Amino acid sequence: MTFGKGCHLHLIDGSAFIFRAYHALPPLTRKTDGLPIGAVAGFCNMLFRYIEGNKGPDAPTHVAVIFDHSSKTFRNEIYPDYKANRPELPEDLRPQFPLTREATRAFNIACIETEGYEADDIIATLSCQARDAGGRVTIISSDKDLMQLIGDGVVMFDAMKNKTIDRDEVFEKFGVGPERVVDVQSLAGDSVDNVPGAPGIGIKTAALLIQEYGDLETLLARAGEIKQPKRRETLINFADQIRISHRLVSLKCDTPLDFTLESLEVRAPEPDTLLTFLNVMEFRTLTKRVADSLKVAAPLPETATPSPAAQAEAVAAPEALPFDHAAYEAVTEPEQLARWIARIRERGHVAFDTETTSLDEMRADLVGISLAVDPGHACYIPLGHRQGGGDLFASDSLVEGQMLLAEALALLKPVLEDPAILKIGQNMKYDWKIMARHGVEIAPIDDTMLMSYAMFAGLHSHGMDELSERYLNHRPIPIKELLGSGKSQITFDRVAIADAVKYAAEDADVTLRLWQLFKPQLHRARVTTVYETLERPLVPVLARMEMAGVKVDRDTLSRMSNAFAQKMAGFEAEIHDLAGGPFNVGSPKQLGEILFDRLQVPGGEKGKTGAYATGAEVLEDITTLEDSHPQGAELAARVLDWRQLSKLKSTYTDALQDHVNPDTGRVHTSYSIAGANTGRLASTDPNLQNIPVRSEEGRRIREAFVAPPGRVMVSLDYSQIELRILAHIADIPALKQAFRDGHDIHAMTASEMFNVPLDQMTSDIRRQAKAINFGVIYGISGFGLARNLRIPRAEAQGFIDRYFERFPGIRAYMDDTVAFAKAHGHVETLFGRKIHTPEISAKGPGAGFAKRAAINAPIQGTAADVIRRAMIRMPGAIAGIDARMLLQVHDELLFEVAEADVDRLIATAKEVMETASDPAVQLSVRLVVEAGRGPNWAAAH
DNA sequence: GACATCACG
DNA sequence: GACGTACGTGATGTCC
């Protein structure tokens, strides 16, 4: 078939596929020999998905995958530094390159690369040829360097976003049409490819210039006419550099090619070739999916004398067996359960899951228990399924065909508490608490959620559905299918037992398969220690804290709510008066319109949704307009007052009352262990980690957190833990000395930076230094500091420059951390916790976010690790003391202690916290803990 | 369910 | 005068 009108050529940017695959997937290796194959696996998946997705009426007639041959091209002769600042290739990626070529050929797709040319040039050449022959072209890539090719039947397609890129997108990105993209790029340069461009000119300015003068040559010829002197000088002085840039970014349409367009005609894959390749790579799931798609049988996995270890893992290969809901068993008789228990004892481990009536473990009733011992071999024990309904007064009766709860517990308790039998769960803290309420303390445990967290923090979330889809290629039955949603939602005890068996046993099955997959990976990912010392042991500790709960005095809260309500009503009346009529003060939209439209307060700025911003900062600025706009200033001030009370009332004094457990009379939060990427805990339902303290009004809410009679609240908190860790990690002698001497760290910083002796320090200078110290931890920027201190940006930048000058180690730490993240795709805490940074090499504005997060993560994460270690050791250390650990607030632990034991508790707990990093990490800065005590949290803090 | 706002370390 | 920006969380109320 001659290539011509009616033909449609697809050109796939192979290198882009490889890099996306590499960064999207964990570092997978081939089981038999450890060959890194993550990128190849991802590449094959993407290619297969591409093929499956392009079978419709608009299917391509011709297709090719194009690769870069090597990093040296003709552009290096024009400009030796071209792409010179590219980071070194990860060492486990390079050996995968030839395999991606092999994969492309295995899929029976033309695989193209040419020495001395970039893939982009080949794509350009093929595009031109196809277009000239009258055909259409789709370039599958999102690389902006290819956008110059768009037009005349050539479009781009971003396979990740599933979105076509046409003239409009090009205009949005470059401010000019595709035919002028090269001109804009020549001026703006490109830091990623190291194209110099014109210094000080970015895409915005470049687009303006090209729009005004038409094209680059005209612009350079008439550069003398430019009004802005600096811009004019730049264009005249750097004309040569701009022309070189032009040659660098212009794609060549005349790359020598030794094949014809006709040879790219779409061919169906040869099942034998393709399946053999996939099988050799040991992509079991993909092999199966491809075989299904080609309607042939999948080949048997390679069996060439695997090592015993490999054999064991092959047995454990969770993909090997499909999920079969019909195979799950309902256990209703003691003899039946006894048989399962015998199998569990044989195996030495069991996946365990509970079904209940609520997500709140302290109120949930146990409805059933599921167990799994081998993949596909799982059961469900119904215990509390009920029927009846409508009658509000009679308690509903148990459904027939269930086991008696007491009988099941009697059989299971010895297993669940047997130190020789490992209980495997997904988010085991939940099940631990449910069983603890039935007098069973599960141990020992493994937790697949925490394994995932140890290996993949930062890459994705760690819920079961997510993990199952990602790693087992299986979508479990959604709970919504059983319970429904919204108003008509039912509780699990109303689910028919037959449905419950499928759902619940599947959960245990999935958990077991995930465990088999993850367990050996922990070691390879070098996070076994993290999992064993920072994650797993925390489960029972947190479970006990949550079950203990904290006593909250309802009456105090209720009185405060009433007082807030009264005050708010007063403010509201004033606000309506000032506004000239009633409106919903709680609606930022209405408030914005009143302030900026009706009252014409200057400076209203609309956000991306078109609404005025009315955040606290904006309102505070308006309150300073007393002279020019007294009405607006007054209104803003009252709204700020109203908002403060509204927040305190709705989020704290009202909501907290509803969280008092009727059985215990206490508030039981729940900590998520795997929620925050950095290793911090997060507190939910209610969040007890953000109880007010900064404002006097708010702090009084802590007075409602009380110790019962005869007991005392004790709070211990790390002093400046993050700055101490920074001083250690970045190795800053001045900071360390200050901590050693017990000096005021912010005053010391101020003194160093502004050359003010300590005895002449003012609170304002100290405040600025404090902001800088914190800024450093957050990955400082001139803009951010300026906003925080409300000073001009240049001044803020000056502070930062001086800070880096005085403490050069900080600069080095920041640079090293970002470089490490780019090289490895993650950063690490001192204790080896890995936090992945998949966006670190992103281009554009996202890059700043990722960098700052990468700089912050080791500091925040190390502090989180330290307090985790303290918490894990705490129960053992305070065993002889009449005290309970109740809450953790990132750098603070709150205890409830018998009056007589307070001093002993403080001494012991302080010691545990201050030495928490030992012996794993030898900190060069001492950790210091401050203690407080009192009848309530406000007094203790 | 997205967004704006604001509470904490 | 490239871009848009402090890091990490969770809960509440509007509004569509």
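Each chain gets a letter, A, B and so on, in the order the sequences are listed, and its residues count up from 1. Please read all numbers here as calculations on a predicted model, not as lab measurements.
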_Check: A/Ser781 side chain, C/dT5 base, donor-acceptor under 3.5 Å_ = yes
*Does A/Gln689 reach the main-chain N or O of A/Gln888 with its side chain, forming a donor-acceptor pair under 3.5 Å?*
yes
*Can you find a donor-acceptor N/O pair under 3.5 angstrom joining the side chain of A/Arg680 to the base of C/dT9?*
no
_Is the terminal nitrogen or CZ of A/Arg852 (NZ for Lys, CZ for Arg) located under 6.0 angstrom from the six-membered ring centre of A/Phe849 and within 45° of that ring's axis?_
yes
*asked:* For C/dC3, does the O4'-C1'-N9-C4 or O4'-C1'-N1-C2 angle fall within 90° of 0, making it syn, or is it anti?
replied: syn
*asked:* Students often get this wrong, so: under 4.0 angstrom with heavy atoms, is A/Asn690 touching a base, only sugar-phosphate, or nothing?
replied: base
_If you go through the side-chain atoms of A/Arg793, does one of them form a donor-acceptor pair with the base of C/dG1 closer than 3.5 Å?_
no
*With the threshold set at 4.0 Å, does a side-chain nitrogen-carboxylate oxygen contact exist between A/Glu169 and A/Lys173?*
no
_So that I know where these two stand, are A/Tyr803 and A/Phe799 an aromatic pair - ring centroids less than 6.0 Å apart?_
no
*Considering just the side-chain nitrogens and oxygens of A/Lys204, establish if one lies under 4.0 Å of OP1 or OP2 belonging to C/dC3.*
yes
*Which part of the nucleic acid does A/Lys230 contact within heavy-atom distance under 4.0 Å: base, sugar-phosphate only, or nothing?*
sugar-phosphate
*For C/dC3, which nucleotide is its Watson-Crick or G-U wobble mate, given both distances must be under 3.5 Å?*
none
*A/Lys589 has a side chain; which of C/dC7, C/dG10, C/dC16 sits nearest to it?*
C/dC16
*Please work out if A/Arg694 contacts a base, only the sugar-phosphate, or nothing of the nucleic acid, heavy-atom cut-off 4.0 Å.*
base
